[in-house]
Amino acid sequence: MAGTMCQFMADIRTSLSGALRAALVAAGVDLPGDFQVGLERPARREHGDWSSNAALVVAKGAERRPRELAEELAAWLGEHQPEHVADVSVAGPGFLNFRLAPSWLHRVVLDAVACGSEGYGRQSLGRGRTVIVEFVSANPTGPVHAGHGRGAAYGDAVARLLERCGYRVQREFYINDRGSQMDLYAASLAAAQKGEPVPEEGYHGRYIADWASEMPAGADARNWGRERALADQRDVLGSMSVEFDTWSSEQALVDSGVIGDTLDALDRAGASYGSDGAVWLRSSDSGDDKDRVLVKSDGEYTYLLPDIAYHRDKLDRAGPEGLLINVWGADHHGYVARMKAAMSALGCDPDRLEVAVTQLVRLERNGAEVRISKRTGDLIELREVLDEVGADAARFTYLLQSVDTAPTFDLAKAAAQVMENPVFYVQMAHARVCAIADRARAGGVVRQPVEEVDLGVLVHERELEMMRRLSAFGEVVKAAAVERAPHRVTAWLRDFAAAVHGFYHDCYVVGDGVAPELTQARLALVTAARVGLAAGLGTLGVSAPESM
RNA sequence: GCCCACGUAGCUCAGGGGAUAGAGCACUUGCCUCCGGAGCAAGGGGCCGCAGGUUCGAAUCCUGCCGUGGGCGCCA
């Protein structure tokens, strides 16, 4: 039953676009087979609750004047009004503006209460399709740093969004536990243990000395170091509630022998060739700048070859309909073309591999830049960020902006417990809404079941605004999932929280001057607000505290 | 030099074919009998980097240029 309730927002769009389509047909317009009725929420309130540009889009093909056509459509719609529509008008060059009765917003309250925070805003576009989201995948040569934090927050939020849209999601971490970087790491640990200077090309972070001092005498620096780094990474990521379903080891992949299969497959496909004693991938045939080495002249695999085998394996695990999403840092963007080239060469649809590239984060503390530099040793570890600002603020701040931007993350501002801090502002809205419900309970208010409450008394502009914002959540979730853009949810939360604070300020729920039936209706609205805030925060992996 | 992303209010950033371009901070000014004023509201502030093009319509799409960041290893 709750499932059908949650379809309400989809229904209102369907109902409006269906009516528009019927109006167009009645007006004698021939619609293209793939015609989609444009329907959006106007930026300006006076343009109504929903608006369509259908007349503008169709006018040219129909050889009609947009404004005249719009007038005709409006007249027809006036005689055949869909449910909840109070008024249809024409504006500007030919926009059709729908003004809805408050009853459509009252349905939104029922919808939210019925769905709960886990169900509200759920979409069905995933239809059970498998998607493997690979993110963080830091080298096991040291702690995860602040830059990985962004990938962690982003990858996990994308996974959560996709889950809310009906995808079957696997979170995966790829361990690059092989190759020259691992050699250098092991050599650095071994040298530090013996009190010798670490190799110049090695790792110089302070953690090397710390970990070397923990390392038992006679331990294999490579294996011990790998486990030490992974344990550290797992621990830190876990403390911001990022958990992976699968940890895939490059070394294990190599040991299993599947690399040779991949090499053979590339050879059979004519995608590789030998030159200068090395084996090369013809990636330049598929849009890459140049060809890339798969097997070095000393017989060692490069990073690329096992990674191709790994992606082949992932595609296989995801199934024929499955999708791969990789979250890579900006320093790996040049790697996208060659991986896609390899996928094409192996006969896989390169569109099944998506790579989201996250730009670098500039880290500040009270306006002063803090450099992130893994190799030189003055790196800011993710652990430090979490200790300073907390997991909730870190996640929310990482997700404040699009991953296409290189934002500034001020640790001091993110940690501040003030309303100017968007994390605090949004969480505070949730806490306030919970406080109201507590207060009503403490005041002896007995709540009626929502379906028996007369929501028709909710007509205050603050209430309407809150319900309007709430009603957009499902569309926001869908857009955020499709665009792999969790920051859209962050932006929505800030707007919705502002509406909640406004309501809180102007609309008392319990108190002397509030009629009992209004208290009941507002308590239902408060529950709906709690659902919306908790649902939004939940898709970002941020907690919704009941008090602060 | 080539490749990718970005350039929007003083600052941090949303918006990514549609109507008069938005939010927070900062600045000016109002509002506390009562659910937490840790708040709410009003105001000032914009060649949407520049120049062309496509379109009924461009901050949004295309091309070029300028600027910023990142990448261009038989490292990972």
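In what follows, every chain begins at residue 1, and chains take the letters A, B, ... in the order their sequences are listed.
Counting any heavy atom pair closer than 4.0 Å across all strands shown, A/Ala491 reaches sugar-phosphate atoms only and no base atom. Backbone-only engagement by A/Ala435 is indicated by non-hydrogen atom pairs under 4.0 Å involving sugar-phosphate atoms exclusively. Among the protein residues, A/Met182 comes within range of no part of the nucleic acid, since none of its heavy atoms lies under 4.0 Å from any strand. Counting non-hydrogen atoms under 4.0 angstrom, A/Asn53 reaches a base of the nucleic acid. Within 4.0 Å of A/Glu46, counting heavy atoms only, lies at least one base atom of the nucleic acid. The residue A/Gln417 sits close to a base: some heavy atom pair falls under 4.0 Å. Looking at heavy-atom distances under 4.0 Å, A/His333 makes contact with a base. Contacts of A/Asn97 with the nucleic acid, taken as non-hydrogen atoms under 4.0 Å apart, include base atoms. Among the heavy atoms of the strands lying under 4.0 Å from A/Leu56 is at least one base atom, whether or not backbone atoms are also near. Heavy atoms of A/Thr490 sit nowhere under 4.0 angstrom from any nucleic acid atom. If you check every strand for non-hydrogen atoms under 4.0 Å, A/Cys507 touches a base. Base contact: A/Arg44 has a heavy atom under 4.0 Å from a base atom. Across all strands, A/Asp276 comes closer than 4.0 Å to base atoms (heavy-atom distances). Nucleic acid contact for A/Arg441: none, since no nucleic acid atom lies under 4.0 Å from a heavy atom of the residue.
For A/Arg462, the side-chain atoms get nearest to B/rC40 when compared with the rest of B/rC40, B/rC35, B/rG18. Nearest to the side chain of A/His47, among B/rU12, B/rA19, B/rG70, sits B/rA19. Distance from the side chain of A/Val57 is smallest to B/rG18 among B/rG37, B/rG18, B/rG70. Minimum atom distance to the side chain of A/Arg432 is reached by B/rG37, of the listed B/rC75, B/rG37, B/rC35. The nucleotide whose nearest atom lies closest to any side-chain atom of A/Ser402 is, among B/rG18, B/rA14, B/rA76, B/rA14. The side chain of A/Ala330 lies closest to B/rG70 when the candidates are B/rG70, B/rA19, B/rA76.
Here the C1' atom of nucleotide B/rC32 and the NE2 atom of A/His505 are 8 Å apart, to the nearest Å. The separation between A/Asp298 atom CG and B/rG73 atom C1' is 14 Å, rounded to whole Å.
In this pair, A/Phe473 and A/Trp492 present their aromatic rings tilted. The plane angle is within the 30 to 60° band. Under the 30°/60° scheme for interplanar angles, the aromatic rings of A/Phe244 and A/Phe173 are found to stand perpendicular.
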Checking A/Gln359 against A/Thr405 for the side-chain contact (heavy atoms from CB on, under 4.5 Å) test, could you report, in this order, the C-alpha distance in whole Å, the side-chain angles of both residues, the deciding distance, and whether it holds?
CA-CA 6 Å; A/Gln359 298 298 313; A/Thr405 66; over 6 Å; no
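Here the two rings, on A/Tyr425 and A/His501, have centers that are under 6.0 Å apart. Here A/Tyr398 and A/Phe409 bring their ring centres to under 6.0 angstrom of each other.
Side-chain N/O atoms of A/Asn176 and A/Gln181 include no donor and acceptor closer than 3.5 Å. A/Tyr310 and A/Glu172 share a donor-acceptor pair across their side chains, judged by distance under 3.5 Å alone. Looking only at atom types and distance, the side chain of A/Tyr207 has no donor-acceptor partner in the side chain of A/Asp232 under 3.5 Å away. In this model, no donor atom of one side chain and acceptor atom of the other lie less than 3.5 Å apart for A/Arg292 and A/Thr302. Side-chain contact, A/Asn326 with A/His332: no donor N or O sits under 3.5 Å from an acceptor N or O. Side-chain contact, A/Arg312 with A/Thr262: a donor N or O sits under 3.5 Å from an acceptor N or O.
For B/rG37, one of the phosphate oxygens OP1 or OP2 lies less than 4.0 angstrom from a side-chain nitrogen or oxygen of A/Tyr504. Using a 4.0 Å cut-off, some side-chain N or O of A/Lys290 falls inside it from OP1 or OP2 of B/rG73. Neither OP1 nor OP2 of B/rC6 sits under 4.0 Å from any side-chain N or O of A/Arg362. When the side-chain nitrogen and oxygen atoms of A/Lys296 are compared with OP1 and OP2 of B/rG73, none of them lie within a distance under 4.0 Å. Between A/Arg494 and B/rC13 there is no side-chain N or O to OP1 or OP2 distance below 4.0 Å. At the phosphate of B/rC40, OP1 or OP2 sits under 4.0 Å from a side-chain N or O atom of A/Tyr425. The phosphate of B/rG15 has OP1 or OP2 within less than 4.0 Å of a side-chain N or O from A/His487. For A/Arg41, no side-chain nitrogen or oxygen approaches OP1 or OP2 of B/rG18 to under 4.0 Å.
The P atoms of B/rA59 and B/rA9 are separated by 15 Å, rounded to the nearest whole Å. The separation of B/rG16 from B/rC61, taken at their C1' atoms, amounts to 10 Å, rounded to a whole angstrom. Comparing B/rG45 with B/rC25, their C1' atoms sit 14 Å apart, to the nearest whole Å. A gap of 22 Å separates the P atoms of B/rC47 and B/rC27, to the nearest Å.
B/rC75 has no base stacking with the ring of A/Tyr303 when judged by centroids under 5.5 angstrom apart and an interplanar angle below 30°. Both thresholds, 5.5 Å between centres and 30° between ring planes, are not jointly met by A/His332 relative to the base of B/rG71, so the two rings are not stacked. B/rA19 has its base stacked against the ring of A/Phe95, the centroids being under 5.5 angstrom apart at an interplanar angle below 30°.
Side-chain contact check for A/Leu382 versus A/Pro143: every heavy-atom pair is 4.5 Å or farther apart.
Under a cut-off of 6.0 angstrom, the local environment of NZ in A/Lys413 is sparse, with at most 12 non-hydrogen atoms contributed by other residues, nucleotides or ligands.
Contacts between residues 405-415 of chain A and RNA chain B, counted as heavy-atom distances below 4.0 Å, involve A/Thr405, A/Ala406, A/Pro407, A/Thr408.
Residue pairs meeting the salt bridge (Lys or Arg N to Asp or Glu O under 4.0 Å) criterion with at least one member in residues 295-310 of chain A, sequence neighbours excluded, are A/Arg178-A/Glu300.
Counting distance only, with no hydrogens placed and no angle test, the side-chain atoms of A/Asp331 and the base atoms of B/rG71 include no donor-acceptor pair under 3.5 Å. Side-chain atoms of A/Thr302 stay outside donor-acceptor range of the base of B/rC74, with no qualifying N/O pair under 3.5 Å. Taking only distance into account, the side chain of A/Ser51 meets the base of B/rA19 through a donor-acceptor pair shorter than 3.5 Å. For A/Glu420 and B/rC25, a side-chain-to-base donor-acceptor distance below 3.5 Å is absent, hydrogens and geometry of angles not being considered.
Paired regions of RNA chain B, where each region holds three or more successive Watson-Crick or G-U pairs whose two hydrogen-bonding distances fall under 3.5 Å, are B:1-7 with B:66-72, B:10-13 with B:22-25, B:27-31 with B:39-43, B:49-53 with B:61-65.
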